[in-house]
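Below, each value reflects all heavy atoms present in this structure, side chains not excepted, and no hydrogens, waters or symmetry copies. Worth saying up front: this structure is predicted, and the values here are computed from it rather than measured.
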Amino acid sequence: TLRNIVAPDFELKIQKNDVLGITVASLSPDVGFYNNSPGSAASGGASGISSGAGYLMDAHGDLSFVKLGNIHAEGMTRKELKDTLEKGLIPYLRDVVVTVSFLNRHVTLLGAVSSKVLPISGDNMTILDALASSGDIGDKGRIDNVLVIRDTGNAKIFKRLNLENNSIFYSPYYYLQPNDIVYVEPTKIK
């Protein structure tokens, strides 16, 4: 039995330059006005920055939203931003429900696995989830030498993991973060 493993309630925080998918539902007839990305023709020219498919966080960590103006969302979780938007929209919409998702979060898999870029759909993608999504390592890769490369903003951290050892469940690298690169060393170099 493993105890004191990495907490399963890990939640990703909103960062600068994230693209967020924000959907607003309400009983009010003009709810469609809130579901257009800022700057699109259908939104009536609302101010803000749009990635075309979502809301782009600016370099200051702010989000420009219809009727609410700039909201400093950097460091918030999706749930915290959802709650903030719902409270802010109460004067404008009846029975408002907001959903917030990440549109540009991903993990890259390389090496002795099927190389791919996996979108992070929720908050908790583990290294095991990512490897399973690539079709597993099998005989072609070394499970005792998996490299995770993590960008911390001003530095890159390189961490080698041994998946044969249960210490993986205690590692801060068990839960992958956006833009992590996972490299599985091949058993034989071709």
Spacing of [X] atom [atom1] and [Y] atom [atom2] [to the nearest 0.5 Å]:
| X | Y | atom1 | atom2 | result |
| --- | --- | --- | --- | --- |
| D95 | L93 | CG | CG | 10.0 Å |
| K156 | D151 | NZ | CG | 3.5 Å |
| N70 | S64 | CG | OG | 5.0 Å |
| T84 | L68 | OG1 | CG | 9.5 Å |
| I168 | L161 | CD1 | CG | 4.0 Å |
| R160 | R142 | CZ | CZ | 8.5 Å |

Hey, is the main chain of [Y] close enough, under 3.5 Å, to the side chain of [X] for a donor-acceptor pair?
| X | Y | result |
| --- | --- | --- |
| K13 | R78 | no |
| T126 | Y175 | no |
| D18 | L20 | no |
| E86 | V98 | yes |
| D180 | Q177 | yes |
| S28 | D30 | no |
| N162 | V146 | no |

Contact between [X] and [Y] at the side-chain level, heavy atoms closer than 4.5 Å - yes or no?
| X | Y | answer |
| --- | --- | --- |
| Y173 | I157 | yes |
| L110 | I181 | yes |
| T99 | I22 | no |
| M125 | V107 | yes |
| K87 | K82 | no |

May I ask you to decide if the ring planes of F65 and Y55 are parallel, tilted or perpendicular, using 30° and 60° as cut-offs?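 Rings of F65 and Y55: tilted, 30 to 60°.
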
